[in-house]
Student: 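One structure follows; several queries about it will come next.
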There are 2 protein chains.
Amino acid sequence: MELYGERGYEQTTVTEIAKRAGLTERTFFRHYADKREVLFAGSALLRERLVSGLEGAPPSAPPIEAVAGALQAAAAVFDERREQARQRQRVITANAELQERELVKLASLATAMREALRLRGVSEPAAGLAAEAGIAVFKVAFERWIDSVGERGMGAFILEGLAGLESLMAGGRP
Amino acid sequence: MELYGERGYEQTTVTEIAKRAGLTERTFFRHYADKREVLFAGSALLRERLVSGLEGAPPSAPPIEAVAGALQAAAAVFDERREQARQRQRVITANAELQERELVKLASLATAMREALRLRGVSEPAAGLAAEAGIAVFKVAFERWIDSVGERGMGAFILEGLAGLESLMAGGRP
DNA sequence: GGCTTGATGACAGTTGCTGACATCGAGGGT
DNA sequence: ACCCTCGATGTCAGCAACTGTCATCAAGCC
């Protein structure tokens, strides 16, 4: 992160990263599958929160409410590390390769939610739709949260996003 | 595509592709930014269809209906080349790097739709939400279409997806 | 003290991708 | 017909990401 911040992602070679960490290039690749993965190792935590959020929802709750709860649980992760999240996002938005990887991580979150919904008894294609729509709301809310100035928590943006999408799907014209 | 089909994506080197095409490796990279791009050059057509679908919708139509029309216009592209689409998708699902690039292309479609919606007068965050939700429906519909056996057009899956998402957002329990 | 085992180093090799310069063929102007 | 420009291609050298293989080494275990 230091090096990525100092000279940018592309201008940083793996050899430099390894040297700064007091290791060999080869050893770096034993810990991270590739150069990008350094920035995304933490996404496992997000997945856990989403999944346990879905598992923790009352069995009687409709899918969208379960998803809403899971998104709230995930949003809390960001509120705890607001500045770190912004710094990280600055590096990512500055580089196309990193944005690719971020999309992959989001897709894997969608898959995890989809499977957790299936376990709740939600059938296809509803499970896939609910998961993808949830991630869509998450993306928009995250972007707005990052660009926001105040101390507003990400959960508020999630709520707004859910309400907005609900209105849109009902034929609303905001 | 021949080589990717014969021996798989990773086992095919750019040198081989260039030789098969009667060109040099260097010339290959003058036409395609990278090795993956060969499979995604056609996505520009998809974007055009989506955008002109949005532009062509009656100004009075609510966002979700404009998106629905655009998705239908895009779906037609696939019905015309069903077998080709399947073959391509087989190559892509067999390789992680290619799935990454596919996600990038989908994200760029979402961005294009978002901007087209803004031009229709839809404001944020509704434009972003509608675009992302539309792509979510598209993803699920495409997956179901690829896995389907009959001659059913992709447009039918799009319609089902839209209806399903509408029901979900209204608190439905399918 | 010897043994296994997991992490690391050393090193060579492949391949995607880029920069710099030379070449060549098609049109365009005179 | 002659030259001239220009776009596409070839040639060559090189970097950096990533991988396979084997040696080394330290920690714990018998």
Side-chain angles (χ1 to χ4, degrees), chain A residues 1-45 47 87-108 111, chain B residues 1-45 47-48 87-109 111:
Chain A
M1 278 300 298
E2 286 172 24
L3 287 166
Y4 287 169
E6 288 172 19
R7 48 216 302 187
Y9 169 80
E10 284 191 11
Q11 280 62 45
T12 308
T13 76
V14 175
T15 309
E16 289 168 343
I17 301 176
K19 190 165 294 177
R20 173 83 58 112
L23 292 173
T24 321
E25 182 190 327
R26 191 65 184 90
T27 303
F28 173 91
F29 284 110
R30 286 199 180 97
H31 289 265
Y32 299 98
D34 57 59
K35 189 184 166 188
R36 287 175 268 174
E37 201 60 21
V38 197
L39 282 163
F40 297 94
S43 85
L45 172 63
R47 180 165 50 234
Q87 201 171 351
R88 199 187 89 110
Q89 205 60 22
R90 239 176 280 132
V91 175
I92 291 177
T93 45
N95 183 272
E97 286 180 50
L98 294 174
Q99 292 166 46
E100 287 199 29
R101 179 56 54 87
E102 184 168 57
L103 291 173
V104 170
K105 293 301 180 181
L106 284 171
S108 94
T111 304
Chain B
M1 278 300 298
E2 286 173 23
L3 286 166
Y4 287 169
E6 287 172 20
R7 49 215 300 185
Y9 169 79
E10 284 191 11
Q11 279 64 44
T12 307
T13 75
V14 176
T15 309
E16 289 168 344
I17 300 176
K19 189 165 294 176
R20 172 83 59 113
L23 292 174
T24 321
E25 183 190 327
R26 191 64 183 89
T27 303
F28 173 90
F29 283 109
R30 287 201 179 95
H31 289 266
Y32 298 98
D34 59 58
K35 189 183 165 189
R36 288 176 267 175
E37 202 60 22
V38 196
L39 283 163
F40 297 94
S43 85
L45 172 62
R47 179 165 51 233
E48 287 165 21
Q87 201 171 349
R88 200 188 88 111
Q89 205 59 22
R90 239 176 281 132
V91 175
I92 292 177
T93 46
N95 184 272
E97 287 181 50
L98 294 175
Q99 291 165 45
E100 287 199 29
R101 180 56 55 89
E102 186 168 57
L103 291 174
V104 170
K105 292 302 180 179
L106 284 171
S108 93
L109 294 183
T111 304

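A, B, ... follow the sequence lines: proteins, then strands. Residue 1 opens every chain.
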Student: Using a cut-off of strictly less than 4.0 Å, decide whether B/H31 has a side-chain nitrogen or oxygen near OP1 or OP2 of D/dA8.
Tutor: no

Student: Would you kindly check if the NZ (Lys) or CZ (Arg) of B/R90 is within the cone defined by 45 degrees around the ring axis of B/Y4 and under 6.0 Å from the six-membered ring centre?
Tutor: no

Student: Given atom CG of A/L98 and atom P of D/dA17, what is their separation to the nearest angstrom?
Tutor: 13 Å

Student: Pull out every protein N or O sitting under 3.5 Å from an N or O of nucleotides 17-23 of chain C, one pair per line with the distance.
Tutor:
unit_1, atom_1, unit_2, atom_2, d
C/dC17, OP2, B/K35, N, 2.7
C/dC17, N4, B/E25, OE2, 3.2
C/dG19, N7, B/R26, NE, 3.4
C/dG19, N7, B/R26, NH2, 2.9
C/dG19, O6, B/R26, NE, 2.8

Student: Go through the steps to decide whether A/Q89 and A/E102 satisfy the test side chain to side chain donor-acceptor pair (under 3.5 Å), and finish with yes or no.
Tutor: CA-CA 10 Å; A/Q89 205 60 22; A/E102 184 168 57; 3.2 Å; yes

Student: With the side chain of B/L23 defined as its heavy atoms from C-beta on, choose the nearest nucleotide among C/dG16, D/dT9, D/dA17.
Tutor: D/dT9

Student: Would you kindly give the NZ-to-P distance between A/K19 and C/dG9, to the nearest whole Å?
Tutor: 12 Å

Student: Across the strands shown, which category fits B/T24 at heavy-atom distances under 4.0 angstrom: base, sugar-phosphate, nothing?
Tutor: base

Student: Considering only NZ, NE, NH1 and NH2 on the basic side and carboxylate oxygens on the acidic side, decide whether A/E16 and A/R7 come within less than 4.0 Å.
Tutor: yes

Student: Just how far, in rounded Å, is P of C/dT14 from CD of B/E10?
Tutor: 17 Å

Student: Take the protein atom CD of A/E97 and the nucleotide atom P of C/dG16, then report the distance between them rounded to whole Å.
Tutor: 15 Å

Student: Establish, yes or no, whether the cationic atom of B/K35 lies under 6.0 Å from the six-membered ring centre of B/Y9 and within 45° of the ring axis.
Tutor: yes

Student: Roughly how many Å is it from CD in B/E37 to C1' in C/dG16, rounded to a whole number?
Tutor: 15 Å

Student: Using the salt bridge (charged side-chain N to carboxylate O under 4.0 Å, His left out) criterion, which residues pair with A/R47? Sequence neighbours excluded.
Tutor: none

Student: Any salt bridge (charged side-chain N to carboxylate O under 4.0 Å, His left out) involving residues 21-33 of chain B? Give me the pairs, sequence neighbours left out, ordered by first then second residue.
Tutor: none

